[in-house]
Amino acid sequence: MFITLRIAFCRSYCTRAVKQNITKKDSKEFKKRFFDTLRIYVKGGSGGQGYPKYGGVGGKGGDVTLRCVGGSSHLAKVKEKYPEKRFIAQTGKNSGKRHLLGDNGENLTIEVPAGIIVRSDEGRELADLNKEGQEFVVAKGGLGGHPGNNFLGKAGERKSVTLVLKLIADIGLVGFPNAGKSTFLSAISRANPKVASYPFTTLKPQIGTMVYNDHRQITVADLPGLIEGAHVNYGLGHKFLRHIERTKLLLFMVDLFGFQLKPHTTLHRTAFETIILLNKELELYKEELLDKPAVLALNKIDCDPEGKAAEEVLQKIKNLPDSLSEIPEELRPQRLVKFDEIFVISAKDQKGTDNMKLKLRQLLDVYADQRNTELMLQMKETAYIIEKSKEHSKWKLV
């Protein structure tokens, strides 16, 4: 009997230990995955019932609220914490003989990272949460029962919504696979992205932070490499293109020696063709991206000691749009990106990267001043129009 119990206990303990190890392993693997969309069900609490005999009012049902918090750059934490993806707020308390005013139901708050867009199942944008502390009531609780509704508590709002994340960063890195984006990110920040000599080493967006001597910080988003046809779901980069929509500056990273997806394929794109193709992909995905400030970095000058490859590319860029004649017509963009600065660097040897960091900061400051100036002009123009409309109204009254 004692032996049988001991064996049963050992089996139970071992099974529990194995499950715990699997759970821990799954949790670690889960956290490594990148989630930038999440569909959830939300329901506000129902209102409590009123008490007709004494005019008692039921408590209001709790609201379901999204709150923007820092410390996370994707939705894995939300999915891990709430695997069922159902959020139901508390029901309001009923009114009673000894408690005529029913207590309100407790609100339910869901913490989400900055950069979340809330969309209905019909595709309508309900909210844009991009600042820490910002809140949005996604499902309101129902009113409690009172004389106006025959003392019957109302049901809370319920719906399914999709949380869509667009990363918030100052600079967005754009380039073909193996252009050196991850190497550059590790050279200018404390980020530790995977770096290898084969394409598609970056499988999910990563954010690095450039820290300056005066403690100024500038964030850089590294996205998976694009390939031709990314706008129609080829490769990995297409699903992450939306993450550059919120950036203030686009940084095109291009390998001086072009791009070849596989070593044994005959298709090879030169550095100049790569620049034009990146331009084309962004234009086809969302033309408004071409209005963003942009700079170009020609990488891997460590493999070009005489500088001939860099000089050839720079000359072709200088001769645009005439140099487009060497690009097949179907690959030419309708609009060309205007580069405010062109850098020639080696991310691997960190050659030119320090100067580039300083210049990027200066450019961001210039763009910020320009935006502030434009905003001031718009405010003045609006104030002038309001003042004129007031004068016109007075003239009509007279």
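For Asn213, the CG atom sits in a loose shell: 12 or fewer heavy atoms of surrounding residues, nucleotides or ligands are nearer than 6.0 Å. Annotation for Lys348: atom NZ does not count as buried by contact number, only 12 or fewer foreign heavy atoms lying within 6.0 Å. Atom CZ of Arg158 has 12 or fewer heavy atoms from other residues, nucleotides or ligands within 6.0 Å. Surrounding CD of Glu125 are more than 12 heavy atoms belonging to other residues, nucleotides or ligands, all under 6.0 Å away.
With hydrogens and angles disregarded, a donor-acceptor distance shorter than 3.5 Å links the side chain of Ser120 to the backbone of Arg124. Of the possible polar contacts, one joining the His268 side chain to the Phe257 backbone as a donor-acceptor pair under 3.5 Å is found. Looking at Arg332, its side chain does come within 3.5 Å of a backbone N or O of Leu324 through a donor-acceptor pair. Ser186 contributes a side-chain N or O that, together with a main-chain N or O of Thr183, makes up a donor-acceptor pair within less than 3.5 Å. Proximity of a side-chain donor or acceptor of Asn130 to a complementary backbone N or O of Gly115 within less than 3.5 Å is not detected. Formation of a donor-acceptor pair under 3.5 Å by the Asn319 side chain with backbone atoms of Gln315 is found in this model. Side-chain atoms of Asp349 do not come within 3.5 Å of backbone N or O of Asp302 as any donor-acceptor pair. Side-chain atoms of Asn150 do not come within 3.5 Å of backbone N or O of Gly145 as any donor-acceptor pair. Although no hydrogens or angles enter the test, the distance criterion places a donor-acceptor pair under 3.5 Å between the side chain of Asn94 and the main chain of Gln49. Within the 3.5 Å criterion, the main-chain N or O of Glu106 finds a donor-acceptor partner in the side chain of Gln90.
What you find for Lys316 and Ser323 is that their closest heavy atoms are O-OG, 2.7 Å. Across all non-hydrogen atoms, the minimal contact from Ala179 to Asn299 is O-ND2, 3.0 Å. Contact detail for Ser46 and Ala155: the closest heavy-atom pair is OG-CA, 3.8 Å. The two residues Ala139 and Gly44 have their closest heavy-atom pair at CB-N, 3.7 Å. Ala271 and Val313 get closest at one heavy-atom pair: CB-CG2, 3.8 Å. Met356 approaches Ala297 most closely through the heavy-atom pair CE-CB, 3.7 Å.
Under a hydrophobic-cluster definition in which Ile, Leu, Val, Met, Phe, Trp and Tyr are linked whenever side-chain heavy atoms come within less than 4.5 Å, directly or via other members, Leu75 and Ile207 are assigned to the same cluster. No continuous path of ILVMFWY side-chain contacts below 4.5 Å connects Val164 to Leu129, so the two sit in separate hydrophobic clusters. Ile327 and Leu256 end up in the same hydrophobic cluster when Ile, Leu, Val, Met, Phe, Trp and Tyr side chains are linked at under 4.5 Å. Under a hydrophobic clustering in which Ile, Leu, Val, Met, Phe, Trp and Tyr are joined whenever their side-chain heavy atoms come within less than 4.5 Å, directly or via other members, Leu277 and Ile342 fall into the same cluster. By the criterion of side-chain heavy atoms lying less than 4.5 angstrom apart, applied directly or through intervening Ile, Leu, Val, Met, Phe, Trp or Tyr residues, Leu152 is not grouped with Leu101; the two fall into different hydrophobic clusters.
We find that Arg246 and Asp170 are not joined by a salt bridge, their nearest charged nitrogen and carboxylate oxygen being 4.0 Å or further apart. Salt bridge status for Glu135 with Arg67: present, with a side-chain N to carboxylate O gap under 4.0 Å. No salt bridge links Arg119 with Asp128; every basic N to acidic carboxylate O contact stays at or beyond 4.0 Å. With respect to Lys308 and Glu312, no salt bridge is recorded, no charged nitrogen being found less than 4.0 Å from a carboxylate O. Note on Asp63 versus Lys60: salt bridge recorded, some NZ/NE/NH1/NH2 to OD/OE distance being below 4.0 Å. Ion pair Lys286/Glu288 not flagged as a salt bridge, since none of the NZ, NE, NH1 or NH2 atoms sits closer than 4.0 Å to an Asp/Glu carboxylate oxygen. The pair Glu111-Lys77 fails the salt-bridge criterion, with no side-chain N (NZ, NE, NH1 or NH2) lying under 4.0 Å from an Asp/Glu carboxylate O.
Side-chain rings of Tyr82 and Phe87 approach one another, their centers coming within less than 6.0 Å.
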* With side chain to side chain contact (heavy atoms under 4.5 Å, CB included) as the test, would you mind laying out the steps for Val161 and Val138 before giving the verdict? => CA-CA 9 Å; Val161 296; Val138 67; 4.1 Å; yes
* Apply the test side chain to side chain contact (heavy atoms under 4.5 Å, CB included) to residues Thr162 and Val118: give CA-CA distance (whole Å), side-chain angles for both, the deciding distance (0.1 Å), then the verdict. => CA-CA 6 Å; Thr162 301; Val118 186; over 6 Å; no
* Could you walk me through whether Leu298 and Leu314 pass the side chain to side chain contact (heavy atoms under 4.5 Å, CB included) check? -> CA-CA 9 Å; Leu298 299 174; Leu314 290 170; 4.0 Å; yes
* To do: Evaluate the side chain to side chain contact (heavy atoms under 4.5 Å, CB included) criterion for residues Ile301 and Ser346: first the C-alpha distance (whole Å), next the side-chain angles of each, then the deciding distance (0.1 Å), finally the verdict.
  => CA-CA 5 Å; Ile301 58 168; Ser346 169; 3.8 Å; yes
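Two residues are said to be in side-chain contact when any heavy atoms from C-beta on lie closer than 4.5 Å; Val220 and Ile188 meet this criterion. No side-chain heavy atom of Thr65 sits less than 4.5 Å from a side-chain heavy atom of Phe136. Residues Thr247 and Lys292 are in side-chain contact: their nearest non-hydrogen atoms beyond the backbone lie under 4.5 Å apart. Using a 4.5 Å heavy-atom threshold, the side chains of Thr274 and Ile276 count as separate. The shortest side-chain heavy-atom distance between Tyr212 and Ile218 falls under the 4.5 Å cut-off. Inter-residue side-chain proximity for Val137 and Lys140 is flagged as met; some heavy-atom pair is nearer than 4.5 Å. In this structure the side chain of Lys159 reaches within 4.5 angstrom of the side chain of Val42, judged on heavy atoms. Contact annotation: the side chain of Ile171 approaches that of Leu364 to within less than 4.5 Å [non-hydrogen atoms, C-beta and beyond].
Separating the SG atom in Cys303 from the CG atom in Asp255 is a distance of 8.0 Å, to the nearest 0.5 Å. Phe343 contributes atom CZ, which lies 8.5 Å from atom CZ of Phe184 (distance to the nearest 0.5 angstrom). From Asn279, atom CG reaches atom CG of Leu290 across 5.5 Å, with rounding to the nearest 0.5 Å. The distance from atom NZ of Lys166 to atom CD of Glu245, rounded to the nearest 0.5 Å, is 3.5 Å. Atom CD of Gln217 and atom CZ of Arg361 lie 11.0 Å apart (nearest 0.5 Å). Distance check: Leu66 CG to Leu163 CG gives 6.0 Å after rounding to the nearest 0.5 Å.
The hydrophobic cluster containing Leu100, built from Ile/Leu/Val/Met/Phe/Trp/Tyr side-chain heavy atoms closer than 4.5 Å, also comprises Tyr51, Tyr54.
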Indicate every side-chain donor-acceptor pair of residues 333-341 with a distance under 3.5 Å to a residue at least two apart or in another chain.
unit_1 : atom_1 : unit_2 : atom_2 : d
Arg335 : NH2    : Asp291 : OD1    : 2.6
Asp340 : OD2    : Tyr367 : OH     : 2.6

